[in-house]
Amino acid sequence: MSPPGARVVVEPAALAVALASTLHRAGMTVTPMQAGRFADALPLVLPRRRDQLYWTARIALVSEPSQLSLFDAVFAAVFDGMLDPADNRGDTAGPPPAGSEPRRRPVASQRRQVAGEADPSTSRPATAASRDRGAEQAPEQSVVPAVASPDERLRETAFADLEADEIAEMRRLVRRVVLATPRRRVRRTRANLRAGERVDLRRTLRRARRTGGEPVRLIHRRRRQHPRQLVLLCDVSGSMEPYTRVFLSLLQGAVCGGRAEAFVFATRLTRLTHQLALRDPDQALAEAAAKAPDWAGGTRLAESLRRFIDTHGRRGLARGAVVVILSDGWEHGEPHHLAEQMARLRRLAHRIVWVNPRRAAPGYAPVTGGMAAALPYCDAFVSGHTLAALDAVAAAISAGGPREQAQTQREQRAQAQREHAHRRDM
Amino acid sequence: MSSAARAGAENDIVSRVPDVSALTWALDAADYLADPGLAMALFMAVRLPQPLLLEGEAGVGKTEAAKALARVLDTPLLRLQCYEGIDAAEALYEWNYPRQLMAIRLAEATGEHRDEQSLFNRDYLMPRPLLAAIEHPGPRPAVLLIDELDRADDDFEAFTFELLAESAVTIPELGTIHAVHPPIVVLTSNRTRDLHDALKRRCLYHWIEYPSAQHTAEIVRRRVPRSGEPLTLGVAAAVSRLRSLDVEKPPGIAEAIDWVAALTLLGVESLDASSAKATLGSVLKNHDDVVLVRERGMPWLVGAEHG
Ligand SMILES: Nc1ncnc2c1ncn2[C@@H]1O[C@H](COP(=O)(O)OP(=O)(O)O)[C@@H](O)[C@H]1O
Ligand SMILES: [Mg+2]
């Protein structure tokens, strides 16, 4: 048997509570019955590896393919990016990437070992260790906060098409979207990494209680890696107006829930992190609007980016960070200026995610000067125009496997270059 | 059924399915190669026990998963194939009307008196899969497969939902029949439409992806024993290329099996452009798809295109 220290030691009910409520806050409906089944399954499965825990949770809690990307992002955020969601997928589209792990059946030696472990007299239930010093009991009931679940129509409605009375509700939902960045990779083998990770449930629950509405993050006993900095740059110019209010709620959730940095820009760049960190969301937005005088004006994308890099980015904010730009890419200046700034940002950032709500429009192609010039430098290009589409934003932000990253990057660049060439040919 | 869930599965089942890897191996021995996700889903369905909803494209192995599970547990598989317009009678039970009529005629001829009640007893009841699963005498629970539920109408889905909640069937003339060994329930859907949220959340859920090329090749080798590794790997890779095209009917595992069987019959040992061209009809069942793939080119299909 492996030493107890190498195990993930968790109490089923507490783990189920933590994961279910985090999913709930991220906008995924989890019924108490589903959470209960997850808790019931844990002592039967006795997950020893991350992937076993992943499957147990996913099978009990997910009920729709459309929930998978959000579930994967939340699971990865809670369990410290120990599991690359891509590993759990089969043949999603076309030929699998070269070098992807084939699914192998267990070899004979594993089989013997497994048979030994199955003996109830030798296998120690994962719950035993956490029961003894019963200082902190998991809440028994109402495992899931009573939040109204977003109905499907609302999930699929473009933010620009929301009725006035739906906007407040949407902003509330969007604030809960969990945007988690991947951890910084450290040169170390996977096995070592696993051994060092243990969920410290007591501290986790204590903190969850203290912070009330904040997303639960499982705290690990020995944390060796830190999540990457998240920087959000949101275009608040006139053309983005239908989306600005909801996007600002997204920024606000990220600032409060994690340690994201938030900026807005139209003709100039304004840092809003402090304003958005205020408790009252409406007051925060009002302050933000007051602080950014060019709200709903024209756009100067390249100039705003230049300012960001010069005054914040180079000093460290953007270094190794995941930078998210929320903009329709309608640039008033010359596209090549924007390309220049994107190239600079590219050299600093770990990942650049571009969120453009216009991307969802039928027949949209990134041919506007700004967008076409910026795309080759982006790692992901997503629409984020509905609550459902924010799943993909969260997934793009949390994506981090070097293989996956290189691949999307390559695809996006090739695509942008094709489009660029196409425009030149016309 | 929730009280049953607290108690967990019956002892006999627990000893047959002690853990996920034992189940994986037992399925393998029953010629079903389950990946870790599906093995976990089946394990949870059996051991909690709770109904399991399997979704995925046609031909990813949903139906076969339930059949293999029944083989592993050495218990009957009761399969209800859904279709548009299916109703509760066809799923649950029907009265054997011709036999009832005959009994009445017989009674008339012999001058014997028959009251109505005597005509609605067990002798005249024809159990359909749902009732048969509930009445199954054991020793282990039956596997109840409600296949392609997305084809049935809303009403039938609501009826299924109730059945899952109760694990009992009420027959007005006979009373309520409770399951002695509540069946292990597997529902499948090809997602031609969305099932109701309530039903989905009532079930454990697993979305089956198309397997990787490697895994597809292994499955195919099981089904077509005489096929060699180069051929199965080549076909598996070609099948996943076909899925990347916008074809009407993307090939599933069944189509990969058919294709390898056809090629093996022709004595082909590895897939090349000319053997692919000759046998394309066995993997693509839709004529437009064949035309589309011919346009894309055989060298591309067999991975021999350069640049
Ligand atoms: N994992 C697997 N192991 C062995 N055979 C499989 C597997 N998956 C699919 N098959 C085979 O592929 C074919 C199609 O599977 P089926 O269960 O009918 O698909 P579905 O019900 O999802 O449409 C069947 O012949 C089945 O035996
Ligand atoms: Mg089927």
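Within every chain, numbering begins at 1; the chains are lettered A, B, ... in the order of the sequence lines, protein sequences first and strands thereafter.
Heavy atoms of B:Met40 lying under 4.5 Å from chain A belong to its backbone as well as its side chain.
Contact check for A:Leu44 versus B:Met44: no side-chain heavy atoms found under the 4.5 Å cut-off. Side-chain contact between B:Tyr205 and A:Leu61: absent, with no pair of heavy atoms (C-beta onward) separated by less than 4.5 Å.
The distance from the CD atom of A:Gln34 to the NZ atom of B:Lys200 is 10.5 Å, given to the nearest 0.5 Å. Rounding to the nearest 0.5 Å places CG of B:Leu204 at 5.0 Å from CZ of A:Arg37. Summarising the geometry, atom OG belonging to A:Ser66 is positioned 10.5 Å from atom CH2 belonging to B:Trp207; distances are rounded to the nearest 0.5 Å. Taken to the nearest 0.5 Å, the CG atom of B:Leu53 stands 9.0 Å off from the OG atom of A:Ser63. One finds the OG atom of B:Ser21 at 9.0 Å from the CD atom of A:Gln52 (value rounded to the nearest 0.5 Å).
In terms of the salt bridge (Lys or Arg N to Asp or Glu O under 4.0 Å) criterion, residue partners of B:Asp258 (sequence neighbours excluded) are, by chain and number, B:Lys285. With sequence neighbours excluded, the residues satisfying side-chain contact (heavy atoms from CB on, under 4.5 Å) with B:Ile208 are B:Leu38, B:Leu54, B:Val60, B:Lys62, B:His206.
Other residues, nucleotides and ligands contribute over 12 non-hydrogen atoms within 6.0 Å of the CD atom of A:Glu166. Within a 6.0 Å radius of CG in B:Asp246, no more than 12 heavy atoms belonging to other residues, nucleotides or ligands are found.
The minimum heavy-atom distance between A:Trp55 and B:Gly37, with the atom names listed, is CD2-CA, 3.4 Å.
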(request) Show the numbers, then the answer: is there a salt bridge (charged side-chain N to carboxylate O under 4.0 Å, His left out) between A:Glu64 and B:Arg201? (result) CA-CA 9 Å; A:Glu64 259 282 336; B:Arg201 298 200 184 111; over 6 Å; no

